[in-house]
Protein chains: 2
Amino acid sequence: MATHKKEEFTQKEQDLAAFAKALAHPARIAILKVLAQQNECICGQIVDVLPLAQSTVSQHLKELKNAGLINGTIDGPRSCYCINWKAFEKFMGEFAFLFNKLKVQNTKGLLLKTNNKKRRLY
Amino acid sequence: MATHKKEEFTQKEQDLAAFAKALAHPARIAILKVLAQQNECICGQIVDVLPLAQSTVSQHLKELKNAGLINGTIDGPRSCYCINWKAFEKFMGEFAFLFNKLKVQNTKGLLLKTNNKKRRLY
DNA sequence: ATCTTATATCGCAAATATACGATTAAATAA
DNA sequence: TTATTTAATCGTATATTTGCGATATAAGAT
């Protein structure tokens, strides 16, 4: 059964996965793109440029907000969103760090062991 | 209904989302970490360090392979996996480009318009 | 040829995600 | 006050993901 095993991984692994998950839908990528270009947007503007219903866009915005990637302010009857660049940099940095660090180790590994047996690609 | 609207977004948006989706599970983050540290691993080594059944790990490996993030070679009765750094750099680069570019535009936007109305955070 | 080892795949159950219309809520306009 | 505008939330249907045991497959060992 799909009994969440997610807790059995490290916090950092879970955090990175959660960040990636927030980006794992084209609609949310598109929303972030719009927000970045416009600096800030009200919900309606985003609804106008996406091929989705208002309720669906609202849901995607909620997910982005829950993941901490965007901030929302209430402006009268409107909701104004903008990218949380700080959070973004934090996660991108963690990713870069993770994979830069690993790449160095990887290079080292390449030098140390070269057990290139006959092996066919698939 | 959940009738996929994904096709209605740009190819680049879909590609980035697909890349993110491949990273959107702690097990897959953990697998990539192990692969990067060891340079290459046979499936069994990964199964040993993850809190998941062999069939589940195999599935996660398949997803990473389908996303193009890892390569697999058959070594006798074993399967040997390694990270596809090229693909990784491509996607990380695209992300960095997307958000660097947008950040510049964002900064410009900040200078141009500063309609800071009273607005409460939520 | 049979047994063992290593891994992929199948089939299924449970959990999540996606999408939308309808409704609610809250601020402003008439 | 009532109507309108804007966005969040609810309820629901469907699709996808996650996870595992069982089975299949394929190479090696006995």
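Note that this is a predicted model, so its numbers are computed, not measured. Protein chains get the first letters and strands the later ones, always in sequence-line order, with residue 1 at the start of each.
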Review point. Is the F19(A) ring parallel, tilted or perpendicular to the F91(A) ring (thresholds 30°, 60°)?
Key: parallel
Check your understanding: Looking at R78(A) and D75(A), does any basic side-chain N land under 4.0 Å from a carboxylate oxygen?
Key -> yes
Exercise for review: Return the set of residues passing side-chain contact (heavy atoms from CB on, under 4.5 Å) with K6(B) (not counting sequence neighbours), or none when no residue passes.
Suggested key: H25(A), P26(A), K21(B)
Point to revise | Members of residues 46-60 of chain A that approach DNA chain D, where some heavy atom sits under 4.0 Å away | key: Q54(A), S55(A), S58(A)
Exercise for review: Verify the contact: side-chain N or O of K21(B) to OP1 or OP2 of dT17(D), cut-off strictly under 4.0 Å; return yes or no.
Suggested key: yes
Check your understanding: When you look at L52(B) and F9(A), which way does the side-chain contact (heavy atoms from CB on, under 4.5 Å) test go after all the steps?
Key -> CA-CA 11 Å; L52(B) 297 171; F9(A) 295 90; 4.1 Å; yes
Check your understanding: Are OP1 or OP2 of dA8(C) and a side-chain N or O of Y81(B) less than 4.0 angstrom apart?
Key -> yes
Check your understanding: Once you round it to whole Å, what is the distance between C1' of dT9(C) and NZ of K65(B)?
Key -> 13 Å
Check your understanding: Expressed in angstrom and rounded to an integer, what is the separation of I42(A) atom CD1 from dT28(C) atom C1'?
Key -> 14 Å
Revision key, fill the gap. Assert: residue with more 5' nearest nucleotide on DNA chain C, out of R28(A) and P77(B), is P77(B)
Check your understanding: Taking only N and O in the side chain of H4(B), is any of them less than 4.0 Å away from OP1 or OP2 of dT14(D)?
Key -> no
Review point. Counting only side-chain N and O atoms of H25(B), is one of them less than 4.0 Å from OP1 or OP2 of dG19(D)?
Key: yes
Point to revise | Integer-rounded Å distance: dA8(C) P and L61(B) CG | key: 7 Å
Practice item. Write out all pairs satisfying side chain to side chain donor-acceptor pair (under 3.5 Å) with one or both partners inside residues 48-60 of chain A, taking only residues at least two apart or from two chains. Key: R28(A)-H60(A)
Review point. For dA7(D), does either OP1 or OP2 sit under 4.0 Å from a side-chain N or O belonging to K62(A)?
Key: no
Review point. Can you tell which of I83(B), N84(B), L23(B) makes a side chain to side chain contact (heavy atoms under 4.5 Å, CB included) with L69(B)?
Key: L23(B)
Check your understanding: For K5(A) and dT17(D), what is the distance between atoms NZ and C1' respectively, to the nearest whole Å?
Key -> 16 Å
Point to revise | Residue that, paired with T10(A), satisfies side-chain hydrogen bond (donor to acceptor under 3.5 Å, both in side chains) out of Q14(A), E13(A), E8(A), K12(A) | key: E13(A)
Exercise for review: Nearest whole angstrom, please: distance from the P of dA26(D) to the CG of D75(B).
Suggested key: 17 Å
Check your understanding: How many Å lie between CD on E8(A) and P on dT18(D), as a whole number?
Key -> 16 Å
Practice item. Report yes if a side-chain nitrogen or oxygen of R78(A) is closer than 4.0 Å to either non-bridging phosphate oxygen (OP1 or OP2) of dT28(C); otherwise report no. Key: no
Check your understanding: Nearest-Å distance, CG (L23(B)) to P (dT17(D))?
Key -> 14 Å
